[in-house]
Visitor: 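Supplied in structure tokens, the structure appears directly below.
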Amino acid sequence: RGAESSAGRALSAREIPPRACASLSPQLTMGLDVYAGGLTRYITGDWETSLQRVAREQGVEVHIDGREWAREPPEDVRATMEQWRAVLDGALQQQVGAGVDWDESADAPYFTDKPDWSGWSCLVLLAAYEEQPHLARPEACVREWQSDLAWRACSDLRSRTYGQILFPELWLPIEHDVVFQADLPWGGEAVLGSSIHLLEQLADLNDATFKASANDFTRWRRAPPDADAPFEAHARFGLAVALELAEHAAQARVPVKLDY
């Protein structure tokens with residue numbers, strides 16, 4: 001019932017309340033990965049981070065501390081995810097005229113990569129400063145975007161060009177450009193958005209800033225910047241990682257989730 005009442009608060013990207021914008025606070029003691037795939041697989045831990053994948057390929061075992069996966073059988077978790085999906089679909093159909101659906105089967109593909117907090121934060125702030133052109137971008141990497149003046153100004157705006165980049169931590173394949181707050185089926189609540197419009201806004205942000213080519217993105221993604229690299233280097237890396245994952249998610253029509 002909680003999911004139903006929360007899902008019923010689906011709002012347009014121009015109407016998201018400021019209180020919802022600060023729901024994601026960087027846990028800087030942990031790394032940040034981005035996962036694209038079914039939520040049953042995500043919740044049951046039936047996936048690898050990019051670090052785990054590389055380690056496995058090299059014959060090294062890696063254990064990620066601090067992760068707690070669902071103990072229920074996958075079929076029970078899948079039933080919960082499908083019920084939550086149905087509730088969201090009904091609420092979105094009613095309020096914005098566009099529902100949501102995605103593949104929760106065990107065969108659904110998944111994709112992961114690691115922008116870490118520095119790459120994602122600088123990407124978010126790149127979007128924020130594009131929406132606040134009277135402010136000068138930082139020169140150094142910023143890992144906590146919620147304390148930044150430009151992001152805080154965006155959280156109070158009614159008109160946002162990059163709302164899908166600025167606020168959500170979970171994106172679903174929704175045709176409508178919507179950002180809303182909802183209860184999560186595994187507990188807590190979060191700001192949700194559209195993975196389809198996330199991809200569009202990432203492409204628009206590139207057109208407005210770096211104007212990078214596919215070859216540029218490949219080069220940036222393969223060379224993560226050093227911790228002391230400037231803001232724009234981290235923003236380029238974050239954008240390259242986010243764009244590739246958003247493209248995979250759009251093609252497979254699966255959710256995208258920040259994992260931390």
Side-chain angles (χ1 to χ4, degrees), residues 13-14 16-34 50-51 113-171 179 190-191 193 197-213 215-246 256-260:
R14 297 178 182 273
I16 181 171
R19 68 179 180 84
C21 300
S23 64
L24 175 60
S25 179
Q27 308 295 312
L28 296 181
T29 59
M30 302 177 66
L32 176 71
D33 291 84
V34 180
S50 57
L51 175 62
D113 210 336
K114 189 180 186 66
D116 220 338
W117 288 111
S118 54
W120 193 265
S121 179
C122 290
L123 167 61
V124 169
L125 291 182
L126 181 68
Y129 279 90
E130 279 301 298
E131 293 213 6
Q132 303 291 327
H134 59 287
L135 298 175
R137 290 182 198 165
E139 295 184 2
C141 173
V142 178
R143 299 191 70 198
E144 296 185 64
W145 67 86
Q146 284 93 343
S147 60
D148 185 90
L149 180 62
W151 186 89
R152 293 177 68 86
C154 288
S155 71
D156 293 329
L157 282 177
R158 289 295 179 184
S159 176
R160 305 182 190 94
T161 304
Y162 302 112
Q164 298 291 342
I165 302 172
L166 290 167
F167 306 122
E169 64 172 286
L170 172 61
W171 298 261
V179 176
V191 178
H197 289 276
L198 172 65
L199 176 58
E200 291 181 0
Q201 291 184 14
L202 289 168
D204 290 344
L205 182 60
N206 176 55
D207 290 342
T209 56
F210 302 129
K211 297 177 173 58
S213 66
N215 289 337
D216 292 329
F217 286 129
T218 299
R219 187 176 70 254
W220 295 345
R221 198 173 59 252
R222 290 177 177 174
D226 295 332
D228 58 353
F231 171 86
E232 287 203 359
H234 288 279
R236 289 195 298 265
F237 177 67
L239 179 58
V241 169
L243 255 175
E244 182 181 52
L245 284 172
V256 179
K257 174 76 173 70
L258 298 186
D259 175 70
Y260 53 95

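Because the structure is predicted, anything quoted here is derived from the model rather than measured.
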Visitor: Taking all non-hydrogen atoms of both residues into account, name the closest pair between Lys114 and Gly31 and its distance.
Guide: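 Of all heavy-atom pairs spanning Lys114 and Gly31, the closest is NZ-CA, 3.6 Å.
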
Visitor: Could you give me the CA-CA distance, side-chain angles and deciding distance for Leu258 and Leu32, then say whether side chain to side chain contact (heavy atoms under 4.5 Å, CB included) is met?
Guide: CA-CA 7 Å; Leu258 298 186; Leu32 176 71; 4.0 Å; yes

Visitor: Not counting sequence neighbours, which residues clear side chain to side chain contact (heavy atoms under 4.5 Å, CB included) with Phe237? List them please.
Guide: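 Partners of Phe237 under the side chain to side chain contact (heavy atoms under 4.5 Å, CB included) test: Pro224, Pro225, Val241.
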
Visitor: What is the minimum heavy-atom distance between Gly163 and Pro168, and which atoms define it?
Guide: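 Looks like O-CD, 3.3 Å.
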
Visitor: Are side-chain heavy atoms of Cys141 and Pro230 found at a separation under 4.5 Å?
Guide: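 No, their side chains stay 4.5 Å or more apart.
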
Visitor: For Asp226, check salt bridge (charged side-chain N to carboxylate O under 4.0 Å, His left out) against everything at least two apart and list the hits.
Guide: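 Residues passing salt bridge (charged side-chain N to carboxylate O under 4.0 Å, His left out) with Asp226: none at all.
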
Visitor: Enumerate the side-chain hydrogen bond (donor to acceptor under 3.5 Å, both in side chains) contacts for residues 203-213, please, sequence neighbours excluded, ordered by first and then second residue.
Guide: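 Output for this query lists Ser213-Asp216.
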
Visitor: Considering non-hydrogen atoms only, spot the tightest contact between Pro138 and Asp148 and give its length.
Guide: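 Nearest heavy atoms, Pro138 then Asp148: CG-OD1, 4.3 Å.
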
Visitor: Val191 and Phe167: which non-hydrogen atoms are nearest, and at how many Å?
Guide: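 Shortest heavy-atom contact: CB-O, 3.8 Å.
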
Visitor: Which atom pair, heavy atoms only, marks the closest approach of Arg143 to Ser118?
Guide: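 Closest approach of Arg143 to Ser118: NE-N, 4.1 Å.
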
Visitor: Say you draw a straight line from CH2 of Trp145 to CH2 of Trp120; how long is it, rounded to the nearest 0.5 Å?
Guide: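 Here the interatomic distance stands at 8.0 Å.
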
Visitor: Where do Ile165 and Ala127 come nearest, in terms of heavy atoms and distance?
Guide: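 Looks like CG2-CB, 4.0 Å.
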
